[in-house]
Amino acid sequence: MFARRRFAVLKNLLEYVGIEPGRLHFSWISSAEAEKFQKTVAAVTEDVKALGPAQHMIKDIRKVA
Amino acid sequence: MRNTYVPYPVSIKEVRVETEDKQLKSFWLQFLNSEDASAFNYTPGQFAELSISGYGEIPIGIASSPTEGRDLLFTVNKVGSVSSRLHNMKAGDIMGVRGPLGNSYPLRAAKGKNIVIVAGGFAVTTLRSTMNWLLHPDHRGDYGEITFIYGARTPGMLLYTQEWTAWQNSGQAKVCVTVDREAPGWSGLVGFVPTVTGDVAPKPDNAIALICGPPIMIKFTQPVFDKLGWQSDQIIMSLENRMKCGIGICGRCNVGPEYVCKDGPVFTKTQLDKLPREY
Amino acid sequence: MSQKILAKNKLDAFLQGLCRDQDLFAPVMKDGKVGWAPVATADQALWDFSNTEMSPKDFFFPQTECMMRFKNVQGDPQGMIMQAEPALNRPRVLLNIRPCDAKAFQVLDLIFVQDEMTNDLYWRDKREKTTLIGLACNDPCPTCFCTTVGSNPHGTTGLDVLLVDLGDKFLAQALTAKGEALVGDLPAAAGGDEAKAAELKKAAEGKISGGVAMDKVNSREVMELYDAPLWDRVMESCLNCGTCTFCCPTCHCFDIQDETQGQDGRRVRNWDYCMSWLFTMHGTGHNPRGTKKDRVRQRFMHKFKYIPVKRGGEIGCVGCGRCVRLCPVNIDVRQVVNDMNA
Amino acid sequence: MEAIAQKIREAAKRLLSEGKVDVVIGYAKGTVPMREYPYFAYTPEEAENLTWSSFCCNNLALYTIRRPGRMAVVAQGCVSRNLVNLINENQFKRDDLYVIGVNSPGMVDRRKVQALFPGKTITEVIEEPEHLLVKGQGFEERLERKKVFRSNCLTCVQRNPVISDEMIGEVGPEGHGGNIDKVAAPWEKLVPAERWTEMQETLKDCIRCYACRDACPLCYCHVCFVDEAQPQWCGKTQDEADVATFHILRAFHCAGRCTDCGACESACPQGIKMRRLTSKIEKDIRALYGYRPGMEIGAQPPMSLFKPNDPQDFIK
């Protein structure tokens with residue numbers, strides 16, 4: 001429940017700085033909800049794949065300064 | 001002109017667990033290029049930066065003696081990320097060594113003198129190097145009496161047991177090894193290093209003392225030497241500080257005007273008395 | 001070395017000559033701040049300014065510098081072996097650098113290059129490939145105190161050429177063979193020009209109002225200064241941030257770290273600072289400079305006592321006044337040193 | 001201003017000579033124009049050095065952290081709000097603190113003043129009731145104070161201290177007419193693709209000196225996340241990803257605690273406007289949970305609280 005507030009603020013902040021909304025997900029899943037867990041993970045994976053590689057917050061160390 | 005930040009590539013030749021708590025391991029390292037091995041000219045008391053690509057470097061005293069050949073021995077305590085990674089490495093793995101760095105024990109200047117060595121815990125590494133160097137047939141004749149005092153918490157925490165046993169048996173040096181408390185199977189000395197040093201009572205006449213150990217041991221050993229009439233310039237200590245560049249630039253190990261990595265790690269007590277205790 | 005005249009209407013031609021086979025940089029105005037940038041013509045560069053906000057030290061000692069690279073694969077014949085980054089491929093000219101900043105590089109030379117082992121090739125390579133054309137200060141600002149720490153508004157130390165603004169022209173003084181090659185073809189200065197430059201120098205020196213006294217700092221023992229009570233007051237407001245060290249032309253502490261990305265790896269050095277708690281922290285948890293007071297004291301002791309003791313009296317400060325201007329809590333180095341000297 | 005300063009000195013002298021506090025933390029006149037600094041008066045004589053001007057930009061609440069003994073703090077609205085924060089976060093007891101309250105006239109941004117005189121050196125700034133008389137090498141000009149306020153002072157809603165044991169001078173107006181919601185979170189207006197670029201542009205001069213963090217009275221962790229070595233959360237390089245990681249996480253750690261006091265921007269040697277990040281969070285906390293930090297002793301910080309009906313439309 002505390003996490004709900006923190007994630008609400010974090011999600012807004014990340015979108016505010018230009019990180020795509022699809023990269024942060026939040027769900028309530030009980031330890032008994034195996035099927036929901038499986039489905040959520042599959043959905044998140046799909047969403048992130050669709051977004052492609054992240055453009056921001058990635059440090060490319062191969063780049064010559 | 002050599003780039004002294006670039007480590008020499010070496011491979012791990014042998015790994016040995018040294019202590020019962022498995023926190024200390026010894027690594028014998030072999031240079032990949034023979035010209036690097038000849039460039040790496042060191043004397044006892046110096047250290048090197050062990051480099052693990054992807055993790056970083058750690059300054060470690062050289063435990064081998066140049067009299068033992070070209071391979072290098074390091075005994076490493078597992079504390080940070082580099083040493084933890086090193087503890088997970090195995091024979092054949094490639095890493096780097098940068099050095100030799102720092103000054104060394106003033107052994108050549110001490111020719112003709114008696115030498116007292118006091119070591120506590122795993123700080124014994126560079127003193128192992130020193131003992132091997134001193135006891136080598138080329139050097140032993142240049143020195144008077146050699147006393148080696150070494151203590152650890154328990155018998156299982158003592159490093160290089162085979163070697164100091166051999167020194168003891170050879171009769172070439174007076175070897176006093178102690179553990180903090182009585183322990184099953186231990187028939188040697190019991191007591192803290194300062195106490196044992198007081199009992200052995202090394203004489204200051206024509207002698208130098210090399211002391212290396214944790215701060216608490218040094219703190220209590222110093223007064224013992226004072227009481228026995230030793231002068232500050234006869235007492236030589238090796239410091240440890242956080243180091244990075246190892247060549248006296250980056251500023252981390254700076255103690256007063258001195259850089260432990262370049263001007264040290266070996267200092268006389270006379271020098272240390274004039275410095276802030278930032279070590 | 002020769003004294004030449006560089007007419008202001010000949011500046012563009014002079015600059016063209018400079019950037020023919022070198023990269024040319026000069027102070028420029030960017031977003032209301034004076035900073036360094038590449039220039040090609042005279043009007044892109046600043047000729048009338050006090051000094052750049054930050055020191056130009058990052059030309060030789062970048063805040064982040066890749067030192068080596070390695071292939072991050074254990075077992076590969078080339079794997080895990082460090083290879084040094086290549087040297088600078090083009091020489092550079094820094095135009096209109098202030099004498100204090102040039103002096104700072106010479107102080108740093110004493111630290112980065114000492115002997116065969118302490119021989120920082122990254123620093124040295126860039127130093128050797130860079131020509132410094134200084135611009136004398138005719139109007140030092142109220143925070144400048146160069147004359148009291150061995151530097152001068154018209155100082156020549158570390159420079160290849162010194163330009164003195166005489167109004168309609170510059171007196172160009174060649175100070176090294178490198179400098180001579182750049183200005184040798186310019187017309188010679190007349191006696192009056194040199195006299196005018198000498199007058200401006202005197203006037204500039206006279207404008208330096210505040211400063212530091214070092215006589216007692218020099219004569220006192222390290223431990224006497226170290227144990228002096230002043231540090232309890234100096235450290236009170238200090239934030240232990242890196243502002244003073246990062247803007248300082250002589251601060252040079254750094255950290256080295258490894259970074260990996262798949263099969264690629266590099267060893268990088270980054271500026272670090274003695275104000276940071278982490279800087280001296282041991283792996284065991286012991287910290288030899290564990291308190292704010294220890295860390296604040298280190299900065300001043302290092303510059304005004306430790307460096308002079310170790311480097312033949314050279315002070316680790318050139319009096320540029322940047323830390324005085326930028327410290328978020330106005331810790332004024334002049335006051336601190338005068339308290340050390342009291 | 002000088003009248004207020006005089007009263008602050010008198011109060012400090014009285015508190016110190018009566019032994020009510022061990023130290024009075026206030027501001028003293030800086031050695032360069034427009035730079036007053038945090039000052040610690042331990043004796044009535046030292047209290048003579050205290051001052052009050054348009055350039056009291058450091059947040060003195062910072063200095064109460066881990067400080068033993070009884071202390072008095074000169075506090076305008078924002079400083080008092082941070083004191084309340086610290087009391088609510090159990091950093092010290094209200095009883096150990098004596099608040100010398102003072103209405104903030106709005107503090108002046110020295111960068112805005114300097115920007116009016118590009119390339120020139122300001123040697124003196126004299127305070128007048130509504131103006132500043134700026135003197136420099138070969139110039140002299142009178143500026144309207146309001147025109148050079150720090151941005152956060154323009155939109156401040158709490159100029160009087162929320163707690164005080166003694167009020168110096170009059171209680172003044174709480175705001176100055178600016179509306180925070182008109183300027184907060186400036187990137188919200190942009191399309192997502194532009195936001196990252198704008199943040200990079202804002203942070204491009206950052207030198208990682210951490211003055212923003214170190215000047216902030218919210219930052220009192222024993223080990224800050226950027227200083228953690230095992231694991232290292234944030235790279236130490238000047239790469240934009242490392243710089244952004246530091247600023248985003250720092251801003252996030254201020255969630256529900258930031259009073260928009262502006263100490264971070266005032267401390268920054270590079271003039272970086274990091275409030276573009278923190279103002280977004282401040283705005284969200286108000287919108288989502290109706291909370292303004294530091295307004296009330298005993299208030300529960302919103303990030304360590306929940307209500308059953310908290311917004312959750314982002315949860316799948």
Side-chain angles (χ1 to χ4, degrees), chain B residues 1-9 32 49 51-58 77-83 89 92-96 98-102 214-215 239-242 244-263 273-279, chain C residues 67-68 70-72 74-76 79-84 111-112 114-124 221-223 226-227 251-260 265 267 269 272-274 279-289 294 297-298 301-302 305-310:
Chain B
M1 237 179 323
R2 225 183 78 71
N3 183 335
T4 44
Y5 288 109
V6 180
Y8 297 117
L32 291 191
E49 290 277 358
S51 161
I52 309 216
S53 300
Y55 291 82
E57 294 186 319
I58 41 170
N77 187 20
K78 188 171 153 184
V79 274
S81 54
V82 181
S83 54
M89 287 171 70
D93 284 350
I94 301 298
M95 51 180 282
R98 189 157 66 85
L101 303 169
L239 297 191
E240 268 184 30
N241 240 7
R242 186 168 183 183
K244 211 79 195 196
C245 74
I247 52 179
I249 304 174
C250 83
R252 273 166 197 267
C253 66
N254 190 214
V255 175
E258 313 293 339
Y259 282 80
V260 174
C261 69
K262 185 171 175 72
D263 307 308
D273 285 342
K274 291 183 193 152
L275 295 178
R277 290 194 67 94
E278 290 186 346
Y279 44 85
Chain C
M67 305 175 91
M68 296 156 228
F70 63 95
K71 190 171 179 189
N72 189 27
Q74 190 68 258
D76 184 284
M80 312 318 265
I81 297 176
M82 289 286 179
Q83 308 287 348
I111 292 160
F112 279 101
Q114 297 177 23
D115 51 43
E116 207 182 325
M117 199 69 195
T118 306
N119 179 18
D120 193 306
L121 294 188
Y122 302 93
W123 168 269
R124 195 169 167 166
E221 294 292 324
V222 164
M223 288 314 289
Y226 185 89
D227 290 328
C251 272
H252 56 276
C253 290
F254 59 84
D255 187 27
I256 303 176
Q257 288 207 324
D258 285 11
E259 296 181 332
T260 54
R267 183 159 285 172
R269 76 166 154 200
D272 209 335
Y273 57 112
C274 54
F279 187 62
T280 48
M281 186 75 181
H282 288 200
T284 58
H286 166 65
N287 195 341
R289 289 202 283 272
D294 295 333
R297 172 170 52 198
Q298 170 67 15
M301 288 293 282
H302 198 185
K305 191 65 192 176
Y306 303 158
I307 290 180
V309 164
K310 212 67 185 176

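Naming convention: chains lettered A, B, ... in sequence-line order (proteins, then strands); numbering from 1 in each chain.
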Scored by heavy-atom pairs under 4.5 Å with chain C, the best of V79(B), D263(B), D93(B) is D93(B)
Side chain to side chain donor-acceptor pair (under 3.5 Å) filter on D272(C), not counting sequence neighbours, yields R252(B)
Can we say K310(C) and E258(B) salt-bridge, meaning some charged N sits less than 4.0 Å from an Asp/Glu carboxylate O?
yes
Using every non-hydrogen atom in the two residues, find where E278(B) and N254(B) come nearest and quote the distance to one decimal.
OE1-O, 4.2 Å
Of all residues at least two apart in sequence or in a different chain, which pass the salt bridge (charged side-chain N to carboxylate O under 4.0 Å, His left out) check with D76(C)?
K71(C)
Counting only heavy atoms closer than 4.5 Å, note whether L101(B) contacts chain C via side chain, backbone, both or neither.
side chain
In the structure I gave you, are the side-chain heavy atoms of T260(C) and F70(C) within less than 4.5 Å of one another anywhere?
yes
Using a 4.5 angstrom heavy-atom cutoff, name the option from V222(C), I256(C), D294(C) with the most pairs to chain B.
I256(C)
Using a cut-off of under 4.5 Å for heavy-atom pairs, which of I81(C), D115(C), D120(C) has the most such pairs with chain B?
D120(C)
Aromatic ring pairing H282(C)/H286(C), orientation class (parallel under 30°, perpendicular over 60°, tilted between):
perpendicular
Distance in Å, R2(B) CZ paired with L121(C) CG, rounded so as to fall on 0.5 Å steps:
9.5 Å
Any idea which of C274(C), A84(C), P288(C) has the most non-hydrogen atom pairs under 4.5 angstrom with chain B?
P288(C)
Identify which of M67(C), M301(C), R267(C) forms the greatest number of heavy-atom pairs closer than 4.5 Å to chain B.
R267(C)
Out of G54(B), G80(B), G246(B), G99(B), which one racks up the most heavy-atom pairs below 4.5 Å with chain C?
G54(B)
Relative to chain C, which segment of M95(B) carries a heavy atom at a distance below 4.5 Å: side chain, backbone, both, or neither?
neither
Looking only at G248(B), G251(B), P257(B), most heavy-atom pairs under 4.5 Å shared with chain C are made by P257(B)
Looking at chain B, which one of F112(C), Y226(C), W123(C) has the largest number of heavy-atom pairs inside 4.5 Å, strictly under?
Y226(C)
Cut-off 4.5 Å, heavy atoms of chain C, and the answer for L275(B) is backbone
R242(B) versus F279(C), closest heavy-atom pair with distance
CD-O, 3.6 Å
Among the listed options D255(C), N72(C), D227(C), the residue most often paired with chain B at heavy-atom distances under 4.5 Å:
D255(C)
Could you pull out the closest heavy-atom pair between I52(B) and V82(B), with the gap in Å?
CG1-CG1, 3.9 Å
Counting heavy-atom pairs under 4.5 angstrom with chain C, the leader among L32(B), N77(B), N3(B) is N3(B)
Tell me the closest heavy-atom pair linking Y5(B) and C245(B), and the distance in Å.
CE2-CB, 4.0 Å
Contact class of P276(B) relative to chain C, heavy atoms under 4.5 angstrom
both
Which region of Q83(C), side chain (C-beta onward) or backbone (N, CA, C, O), has a non-hydrogen atom less than 4.5 Å from a non-hydrogen atom of chain B, or is it both or neither?
neither
By a 4.5 Å heavy-atom criterion (distance strictly below it), what part of E221(C) contacts chain B: side chain, backbone, both, or neither?
neither
With side chains defined as the heavy atoms from C-beta onward, is the minimum distance between P7(B) and M68(C) less than 4.5 Å?
yes
Taking side chain as everything from C-beta outward and backbone as N, CA, C, O, which of these in Y279(B) sits under 4.5 Å from a heavy atom of chain C? Side chain, backbone, both or neither.
backbone
If you count heavy atoms of other groups shown closer than 6.0 angstrom to CD of E240(B), is the number above 12?
no
Contact part of P100(B) toward chain C, heavy-atom cut-off under 4.5 Å: side chain, backbone, both or neither?
backbone
Report which part of Q257(C) has an atom under 4.5 Å of a heavy atom belonging to chain B: side chain, backbone, both, or neither.
neither
